[in-house]
Amino acid sequence: EYTYENLIVEIENKIALVTLNRPQALNALNKNLLEDLSHFFDEALVDDSIRVVILTGSGEKSFVAGADIKEFASFDGKQGEQLAAKGQQDVFDKVEKFTKPVIAAVNGFALGGGLELAMASHFRIASKNAKLGLPEVTLGLIPGYGGTQRLPKLIGKGRAMQAIMTAEMFSADRAYEIGLVNEVVEQTELINRVKEIATKITQNSSVAIRHAITAINASDKEIGFDIEIKSFGNLFDEDDFKEGTTAFVEKRKPNFK
Ligand code: CO8
């Protein structure tokens with residue numbers, strides 16, 4: 001029997017509400033949390049009591065503030081590449097290709113790996129306080145969980161270039177304008193609204209929806225993900241990565257050469 005360390009799973013009316021639960025680290029994705037997610041999606045695939053999955057973060061401040069920087073700060077290139085490859089395979093690809101709908105209820109910060117998880121989900125609903133972005137270049141990194149591939153598909157190449165280069169966050173309203181999230185609602189209404197959408201989905205043909213997901217996903221090119229993983233790993237051997245992650249841990253601005 002598997003017990004979740006960092007996930008809360010509540011199943012009701014064919015909807016699984018999955019809460020990523022590491023509020024002390026703004027729900028940053030560490031190894032345990034990724035394992036929990038990987039395990040959940042394996043189980044949920046064959047669990048007939050689940051028709052739709054909702055992913056959200058615990059607390060009122062954050063969906064997921066990224067991969068756990070403290071956990072990977074000491075990694076080298078090989079380990080970095082393995083981390084990205086394993087994460088993409090075990091979690092992010094599994095989410096995107098999941099044959100039951102996965103909705104991200106973005107209830108606060110969705111940064112780095114957090115926005116990547118929201119983007120791997122089939123669509124996103126945000127609360128008004130949400131802030132979304134890919135700040136990896138502030139750490140001397142690039143997105144490593146599919147962000148270089150999924151962000152341009154969702155918001156266009158030029159906007160994705162600017163967002164990744166500047167590391168700026170989108171407000172919920174701006175994310176709505178550019179199609180990164182489908183709706184923006186009050187935080188207190190977020191889970192109710194997403195459950196309402198999920199309920200509508202549960203009333204439609206699950207076999208048809210399964211085929212629709214596969215067909216919609218079929219337009220994706222796979223090669224970019226491999227290039228992302230390789231580049232992500234290479235950056236771990238650069239001085240900028242050491243400086244960027246050390247600066248985060250020491251709560252100061254990085255001084256890139
Ligand atoms: N990793 C680890 N700890 C984190 C993270 C994180 N990503 N984000 C926040 N925390 C921790 C903080 O260190 C802090 O802990 P402590 O109290 O022990 O110091 C606690 O959560 C609360 O955070 P803050 O005090 O910083 O809260 P603020 O409200 O002041 O700031 C921010 C909120 C702006 C969200 C700020 O926490 C922040 O900038 N976080 C980091 C955001 C970020 O850079 N995310 C991207 C990470 S890199 C990434 O995701 C790479 C993806 C590809 C990975 C592929 C394989 C690894």
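For ligands, and for the atoms within them, numbers begin at 1 and follow the listed sequence. We count residues from 1, following the sequence as given.
Scanning all protein heavy atoms for the shortest distance to atom 35 (C) of ligand 1 gives Leu111 CD1, 3.5 Å. Shortest contact from atom 1 (N) of ligand 1 to any protein heavy atom: Ile69 N, 2.9 Å. Distance from atom 23 (O) of ligand 1 to its nearest protein heavy atom, with residue and atom name: Leu26 CD1, 3.6 Å. Protein heavy atom nearest atom 53 (C) of ligand 1, with residue, atom name and distance: Gly144 N, 3.2 Å. Nearest to atom 55 (C) of ligand 1 among the protein's heavy atoms is Phe232 CZ, 3.2 Å.
Near Gly112, meaning under 4.0 Å from one of its heavy atoms, ligand 1 places the atoms 46 (C), 50 (O). Within ligand 1, the atoms closer than 4.0 Å to a non-hydrogen atom of Pro135 are 43 (C), 44 (O), 45 (N), 46 (C), numbered from 1 in the order shown. Those atoms of ligand 1 with a heavy atom of Asp68 less than 4.0 angstrom away are 1 (N), 2 (C). The distance from ligand 1 to the heavy atoms of Lys61 drops below 4.0 Å at these ligand atoms: 27 (O), 28 (P), 29 (O). Atoms of ligand 1 lying under 4.0 Å from at least one heavy atom of Lys251, given by number and element, are 19 (O). Numbered from 1 in the order shown, with element, the atoms of ligand 1 that lie under 4.0 Å from a heavy atom of Glu116 read 52 (C), 53 (C). Close approach of ligand 1 to Leu83 is summarised as follows: ligand atoms under 4.0 Å from at least one heavy atom of the residue are 56 (C), 57 (C).
Checking Phe248, Phe72, Phe236 against atom 41 (C) of ligand 1, the nearest heavy atom belongs to Phe248. Comparing heavy-atom distances from atom 6 (C) of ligand 1 across Ala67, Ala25, Gly146, Gly66 singles out Ala67 as nearest. Of all the listed residues (Lys70, Glu136, Met169, Gln24), Lys70 holds the heavy atom that lies closest to atom 12 (C) of ligand 1.
Between Glu196 and Lys200 no salt bridge is recorded (no basic side-chain N to carboxylate O distance below 4.0 Å). Between Glu243 and Arg252, at least one side-chain nitrogen of the basic residue sits less than 4.0 Å from a carboxylate oxygen of the acidic one, meeting the salt-bridge criterion. By the 4.0 Å N-to-carboxylate-O rule, Lys100 lies too far from Asp48 to be salt-bridged with it.
The closest donor-acceptor contact from the side chain of Arg22 to the backbone of Ala28 lies under 3.5 Å.
Contact annotation: the side chain of Phe40 never approaches that of Asp36 to less than 4.5 Å [non-hydrogen atoms, C-beta and beyond]. Counting heavy atoms from C-beta on, the side chains of Leu34 and Lys86 never come closer than 4.5 Å. Between Asp76 and Gln79, the closest side-chain pair of non-hydrogen atoms falls below 4.5 Å. Within the 4.5 Å cutoff, side-chain heavy atoms of Thr199 are placed close to those of Gln203. By the 4.5 Å heavy-atom criterion applied to side chains, Glu116 and Glu136 are counted as neighbours. Residues Val91 and Leu29 form no side-chain contact, since every pair of their non-hydrogen atoms from C-beta on lies 4.5 Å or further apart.
Note that atom 26 (O) of ligand 1 has no protein non-hydrogen atoms nearby, at separations under 4.0 angstrom. Proximity of atom 31 (O) of ligand 1 to the protein is not indicated, since no non-hydrogen protein atom lies closer than 4.0 angstrom. Within a 4.0 Å radius of atom 17 (O) of ligand 1, the protein has no heavy atom. Counting protein heavy atoms under 4.0 angstrom from atom 45 (N) of ligand 1 gives one or more.
No hydrogens or angles considered: a donor-acceptor pair under 3.5 Å links the side chains of Ser127 and Asn129. With 3.5 Å as the limit, one finds no donor-acceptor pair spanning the side chains of Ser38 and Asp90.
Here Ala65 has heavy atoms under 4.0 Å from ligand 1 in both its backbone and its side chain. Under 4.0 angstrom from ligand 1, the non-hydrogen atoms of Leu139 all belong to its side chain.
Checking Val184, Val181, Ile197 one by one against Ile125, the side chain to side chain contact (heavy atoms under 4.5 Å, CB included) holds for a single residue, Ile197.
In terms of N/O distances under 3.5 Å, ligand 1 is not approached by Tyr145.
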